[in-house]
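The first residue in the sequence is number 1, and the count goes up from there.
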Amino acid sequence: MPRRPSVSIVVSSYNYAEFLRQAIDSALAQTYPATVVVVDDGSTDDSRSIIRDFGDTVRPIFKENGGQASAFNVGARSTEADVVIFLDSDDVLLPTAVERAVEQFADDSVSKVHWPLVEMNRAGELMDRRYPPEPLLGGDLAERVARLGPKGYVWPPTSGNAWSRRFLDRVLPIPEHLFVTCPDLYLCAAAPLMGRVGVVTEPQGCWRVHGANSSWSDPLDRRIELQHRMWDYAFDVIERLCAERGLACDRPAMSRASYWHQAYHYGRAITRAVPAGEAFVLIDEGGLRLHEPVWGRRPVDFSQGEASWGEYWGPPPDDPTAVREFEKRRAAGATYAVIVRPSFWWLDHFVEFRRHLEREYREVCRNEDLVAFDLRK
């Protein structure tokens with residue numbers, strides 16, 4: 001009879017005392033035996049006392065704050081288990097998560113197994129929504145990742161993945177200076193190029209949406225810069241692994257598929273056209289999702305009607321609406337207008353709107369990325 005795989009659940013903890021006990025309880029309640037390691041990354045709240053309350057039912061590791069990748073690295077080094085699950089301390093696993101994952105690892109070629117998560121609110125109440133909402137793919141996904149990078153397949157956040165020891169031994173340590181948050185990006189980018197991906201179709205965990213997730217606490221422009229660097233590093237990893245396998249790698253397509261690369265590219269282009277401290281009407285098909293100041297410039301979304309301010313509902317139905325809604329944004333304080341490349345078609349389709357801009361305002365920039373107008377008469 002083959003040996004049953006050993007499993008460790010590594011709970012990464014940093015200042016989430018409010019949620020930590022529920023996360024640890026869920027790890028201990030698995031129907032398949034698993035060692036529970038709790039890595040506290042220098043918390044300053046009550047997290048450490050909560051961890052001590054569990055006594056010898058968990059293996060505690062207390063360390064200075066170094067970021068999430070450092071917690072992953074320390075936790076993975078502390079165990080020799082065949083399968084490792086990293087559990088965010090604000091999430092929970094359902095009781096069968098380990099059992100269902102182990103079933104998939106019966107195939108020795110599997111590098112990771114993933115499953116959808118059910119969203120829950122701060123109080124732990126389920127919200128009847130899955131995350132990710134799209135179906136998860138499995139099998140050999142190497143060519144998809146070689147073509148589109150991490151966006152080549154849908155993957156869940158940290159708590160929706162299990163990793164084989166063979167895979168982790170090849171890719172760890174995760175660069176700690178870079179992946180202070182979101183180390184799952186690094187792992188999810190590499191895994192399909194180092195093995196098959198297993199899928200559990202039913203949710204095996206809960207992803208907590210509480211508005212204080214540490215990954216999203218920085219200003220938007222800083223998040224864009226950090227994520228741009230992390231995704232760029234993930235592209236480097238993919239290129240290297242593709243070369244090892246003899247797969248063609250399409251880095252430009254990866255950049256086009258990455259929101260963070262597009263936001264960084266167009267964001268920096270906007271800073272060259274719009275002076276610091278100014279507000280600008282942004283026509284971008286809603287794709288850049290710039291809803292707060294970036295690099296000292298304040299975007300004002302161009303949406304269809306006042307009711308959808310800040311939310312893109314599609315283009316205006318006609319020229320008069322486009323002109324009217326644009327002038328409302330200008331009257332509200334916008335001093336520049338920016339049309340980025342995905343919306344260049346506006347200038348051909350909304351002819352009167354274009355003529356209005358050209359007649360009333362001075363064009364200050366036109367290149368392959370954007371067209372900009374100074375709205376200060």
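Contact detail for F235 and S258: the closest heavy-atom pair is CZ-CB, 4.1 Å. Minimum heavy-atom separation, A27 to I9: O-CD1, 3.7 Å. Among all heavy-atom pairs drawn from D221 and P293, the shortest one is OD2-O, 4.3 Å. Closest heavy-atom contact between L87 and S26: CD2-OG, 3.9 Å. Here the closest heavy-atom approach between residue V98 and residue A34 is recorded as CG2-CB, 4.4 Å. Of all the heavy atoms in N367 and C365, the pair that sits closest is ND2-SG, 3.4 Å.
The number of heavy-atom neighbours closer than 6.0 Å to CD of E143, taken from other residues, nucleotides and ligands shown, is 12 or below.
Residues in residues 64-88 take part in these salt bridge (Lys or Arg N to Asp or Glu O under 4.0 Å) pairs, two or more places apart or across chains: R3-D82. Every pair passing salt bridge (Lys or Arg N to Asp or Glu O under 4.0 Å) that includes a residue from residues 236-245 is listed here, sequence neighbours excluded: R170-E244, D236-R251, E239-R251, R240-E244. Among pairs with a residue in residues 120-149, those fulfilling ring-ring contact (aromatic ring centres under 6.0 Å, His included) read Y131-W207, at least two apart in sequence or across chains. Among residue pairs with one or both ends in residues 64-83, those qualifying as ring-ring contact (aromatic ring centres under 6.0 Å, His included) are F72-F86; sequence neighbours excluded.
Under 3.5 Å, the side chains of W295 and E225 contain a donor-acceptor pair of N or O atoms. For the 3.5 Å distance criterion, the side chains of W346 and E285 qualify, holding a donor opposite an acceptor. Residues D46 and S49 have side chains that never bring a donor and an acceptor to within less than 3.5 angstrom of each other. Side-chain atoms of D41 and Q68 include no donor-acceptor pair closer than 3.5 Å. For D319 and H356, the side-chain atoms include no donor-acceptor pair closer than 3.5 Å. Between D40 and S43, the side chains place a donor N or O and an acceptor N or O closer than 3.5 Å (distance only, hydrogens not considered). Judged purely by distance below 3.5 Å, without hydrogens or angles, the side chains of Y361 and R330 pair a donor atom with an acceptor atom.
For Y186 (side chain) and V237 (main-chain N/O), no donor-acceptor pair under 3.5 Å exists by modelled atom type. Between the side chain of Q262 and the main chain of S255, a donor-acceptor pair closer than 3.5 Å is present. Without hydrogens or angle criteria, D91 side chain to S159 main chain gives no donor-acceptor distance under 3.5 Å. Side chain of D140 to backbone of A142: a donor-acceptor contact under 3.5 angstrom is found.
Ring geometry for F19 versus H210: interplanar angle of 30 to 60°, hence tilted.
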Take Y336 and R376 through the side chain to side chain donor-acceptor pair (under 3.5 Å) test and state the conclusion after the steps. CA-CA 8 Å; Y336 281 78; R376 299 169 300 182; 2.6 Å; yes
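Using a cut-off of 4.0 Å between Lys/Arg side-chain N and Asp/Glu carboxylate O, D374 and R362 are scored as salt-bridged. E352 and R355 are joined by a salt bridge, as a carboxylate oxygen and a charged side-chain nitrogen come within less than 4.0 angstrom of each other. Salt bridge E363/R366: present, at least one basic N to carboxylate O contact under 4.0 Å. Salt-bridge check for E103 with R100: passed, with a basic side-chain N closer than 4.0 Å to an acidic carboxylate O. Ion pair E325/R329 flagged as a salt bridge, since at least one NZ, NE, NH1 or NH2 atom sits closer than 4.0 Å to an Asp/Glu carboxylate oxygen. Under a 4.0 Å N-O distance rule, the pair R21/D53 qualifies as a salt bridge.
Rounding to the nearest 0.5 angstrom, the gap separating the OH atom in Y16 from the CD atom in Q22 is 14.0 Å. Within the model, atoms CD of Q204 and NE2 of H114 stand 12.5 Å from one another, a figure rounded to the nearest 0.5 Å. The distance from the CZ atom of R196 to the CG atom of D107 is 6.0 Å, given to the nearest 0.5 Å. Remark: I61 CD1 to S78 OG distance equals 4.0 Å, nearest 0.5 Å. Within the model, atoms OH of Y14 and OG of S47 stand 10.0 Å from one another, a figure rounded to the nearest 0.5 Å.
A continuous path of hydrophobic side-chain contacts links V197 to L247 [ILVMFWY only; heavy atoms under 4.5 Å]. Using a 4.5 Å cut-off between side-chain heavy atoms of Ile, Leu, Val, Met, Phe, Trp and Tyr, with links allowed through other members, V74 and L172 fall into the same hydrophobic cluster. Grouping the Ile, Leu, Val, Met, Phe, Trp and Tyr side chains by contacts below 4.5 angstrom, directly or via other members, places V36 with V7.
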Which side-chain N or O atoms in residues 149-158 pair as donor and acceptor under 3.5 Å with protein atoms at least two apart or in another chain?
{"unit_1": "Y153", "atom_1": "OH", "unit_2": "C188", "atom_2": "O", "d": "2.6"}
{"unit_1": "W155", "atom_1": "NE1", "unit_2": "P150", "atom_2": "O", "d": "2.9"}

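Looking at residues two or more places apart in sequence or on another chain, you find a salt bridge (charged side-chain N to carboxylate O under 4.0 Å, His left out) between R165 and D169.
For R298 and F280, the positive end is not near the middle of the six-membered ring at less than 6.0 Å and at most 45° from its axis.
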